[in-house]
Novice: 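Have a look at the structure that comes next, please.
These figures come from a predicted structure and were not determined experimentally. Heavy-atom basis, side chains included; hydrogens, waters and symmetry copies ignored. Chain letters run A, B, ... following the sequence lines, proteins first, then strands; residues in each count from 1.
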2 protein chains.
Amino acid sequence: MTAADVIEPREPKYYLVKRHLLELIESLEPGALVPTERELTATLATSRTTVRQALGELVGEGRLVRRQGSGTYVAEPKMTWPLQMTSFTEQAAANGFVAGARLLSAERMRGTGEAATRLRLLPGAYMYRIERLRLADDTPMAVETSHLSVARFPGLIKALRKSSSLYRVLEASYGVIPLTAEETIETRAAPPREAALLGTDTGAPMLVLGRHSFEADGTPVEWVRSWYRGDRYTFVARLTTRG
Amino acid sequence: MTAADVIEPREPKYYLVKRHLLELIESLEPGALVPTERELTATLATSRTTVRQALGELVGEGRLVRRQGSGTYVAEPKMTWPLQMTSFTEQAAANGFVAGARLLSAERMRGTGEAATRLRLLPGAYMYRIERLRLADDTPMAVETSHLSVARFPGLIKALRKSSSLYRVLEASYGVIPLTAEETIETRAAPPREAALLGTDTGAPMLVLGRHSFEADGTPVEWVRSWYRGDRYTFVARLTTRG
DNA sequence: CTTCTAAAGTGGACTAGACGAATCGAATGG
DNA sequence: CCATTCGATTCGTCTAGTCCACTTTAGAAG
């Protein structure tokens, strides 16, 4: 190892294109049109593939928006999304939005895999698998798949068709109030279905949020997995040192 | 709109390849070798570009590891990284690791941009910009860029060369204890420098964590931006309903 | 037997181009 | 004047290939 011990990264050509575009973006307003892929290919003396790689990353980071048949535009700034509360409905309200939900699917099935483990289901016990498109002011925000025990919440699906807030139903119909939750956050590429529902492209970077919520006595209530568009949202958590 | 109102996503060819590979991965152990890109190209009757797109997403999701000149392997499971505490050193300890840091750069500069605003610097006031590679058991975990006010913490850089824990220095030398923090989480593509430092590829999906910490009276202490490899870590936060 | 060297094989980066799908606007027909 | 059609233009997907960097391994040289 040399004395300096400095790693010298070599810059791929597409990254030069990306930096060029980033400068351009910063000189423009949201909504402004950027040059077409073929124009950039010509002016930057590269291939369209390379240009598209740079554009693709900028789209994934929420700096650009591509519209097939139309062009590529400077994107609006990202939205922040607070994580502090446990319910989507409360989160949306805290952010000044009206929360909504469109039921995509609801089924009863035998508990399997991670969901069954997290819900502490007995072998062979049934669970709900409820898939909903979460809306804020009627704009699709997330695809949410909830898992709950059938035995603990009989008739849940029927109740859910009337209210868009699962937590409100849990409290009103079953007297269950989740007090603590463990949230996991990771990055994933968008599957075709989630991409279509959220109006983005397959493979687009997503923030995947898992929520495992518990009652006061430690009984697990639900296990949810939510897909958010990574180009649209920045999650915010407020932390305090305990003790 | 039809009665069903169902969005029918069409699956790109690369996604079929991805699903095929995912099945293969699930039948193998971590460390196992998967077929070469050229083999997959032949057996799946597609182009190498398409195969590489599928492989690239699986690498970004932490399911595969590519080693140039060697091959592509099934990856070890992701690590979870708790967000609850405010200091990297404490986080690492809570996870059973010995935290470390390698100082990459430390400079005094005039406050500009977001950092100056968040630190509430007066116009023209100086700030530190300290860049460190954070290590857990000597493995690079994150690239961390901290900003602090020079006026509030004179001589900070010299103190930091002795201790790897910024928070310990702040408490011991200046009597400052950050009590609350606002953390932001988003996805970004790895720049060449961060990628090289963390041993991944330019453009790889990253989790970028911003921490804005405050004293009890609301005075801002520091503004940090940390880059974590998205293919390696899942963040975990433990939440409680307040009130 | 050990060490070195060269070749083969791997992933990494990039190119040039074909065709499809969506958009938009101009020309056309009513 | 309005609505429709159609074509040009845009991004979306996929192909086939080149050249490079790095690793591994087998063979040659000592």
Novice: Could you state the CG-C1' distance from B:Leu33 to D:dT25, rounded to the nearest angstrom?
Specialist: 15 Å
Novice: Report, one pair per line, the protein and nucleotides 3-10 of chain D atoms (nitrogen or oxygen only) whose separation is under 3.5 Å.
Specialist:
residue : atom : partner : partner atom : Å
D:dT10  : O2   : A:Gly69 : N            : 3.1

Novice: Is the terminal nitrogen or CZ of A:Arg66 (NZ for Lys, CZ for Arg) located under 6.0 angstrom from the six-membered ring centre of A:Tyr73 and within 45° of that ring's axis?
Specialist: no
Novice: Please check if the distance between the ring centroids of B:Phe88 and B:Tyr167 is under 6.0 Å.
Specialist: no
Novice: May I ask you to verify if any side-chain N or O of B:Arg66 is less than 4.0 angstrom from the OP1 or OP2 atom of C:dG12?
Specialist: yes
Novice: Judged by each residue's nearest nucleotide on DNA chain C, which is more toward the 5′ side, A:Thr50 or B:Pro35?
Specialist: B:Pro35
Novice: Check the side chains of A:Tyr128 and A:Glu222 for a donor-acceptor pair under 3.5 angstrom, ignoring hydrogens and angles.
Specialist: no
Novice: For D:dA16, does either OP1 or OP2 sit under 4.0 Å from a side-chain N or O belonging to B:Thr49?
Specialist: no
Novice: Please give, in whole Å, the distance from C:dG11 C1' to B:Leu40 CG?
Specialist: 12 Å
Novice: State whether a side-chain donor-acceptor pair under 3.5 Å links B:Tyr14 with B:Glu57.
Specialist: yes
Novice: Rounded to the nearest angstrom, tell me the gap between atom NZ in B:Lys13 and atom C1' in C:dA21.
Specialist: 18 Å
Novice: Whole-Å distance between D:dT13 C1' and B:Arg48 CZ?
Specialist: 18 Å
Novice: Ignoring hydrogens, what is the shortest heavy-atom contact between A:Ala190 and B:Tyr15? Give both atom names and the distance.
Specialist: O-CE1, 4.2 Å
Novice: Please tell me if the side chains of B:Ile130 and B:Glu144 come closer than 4.5 Å, counting only heavy atoms from C-beta onward.
Specialist: no
Novice: Between C:dG11 atom C1' and B:Leu64 atom CG, what is the distance in whole Å?
Specialist: 13 Å
Novice: Measure from the side-chain heavy atoms of A:Ser47 and tell me the nearest of C:dT15, D:dC11, C:dA13.
Specialist: C:dT15
Novice: For the pair made of OH in B:Tyr73 and P in D:dT23, what is the distance, rounded to whole Å?
Specialist: 11 Å
Novice: Could you state the atom-to-atom distance from CG of B:Asp201 to P of C:dC14 in whole Å?
Specialist: 12 Å
Novice: Scan side-chain atoms only and decide if A:Gln91 and A:Trp81 contain a donor-acceptor pair under the 3.5 Å cut-off.
Specialist: yes
Novice: Whole Å only: how far is the CZ atom of B:Arg10 from the C1' atom of C:dA22?
Specialist: 11 Å
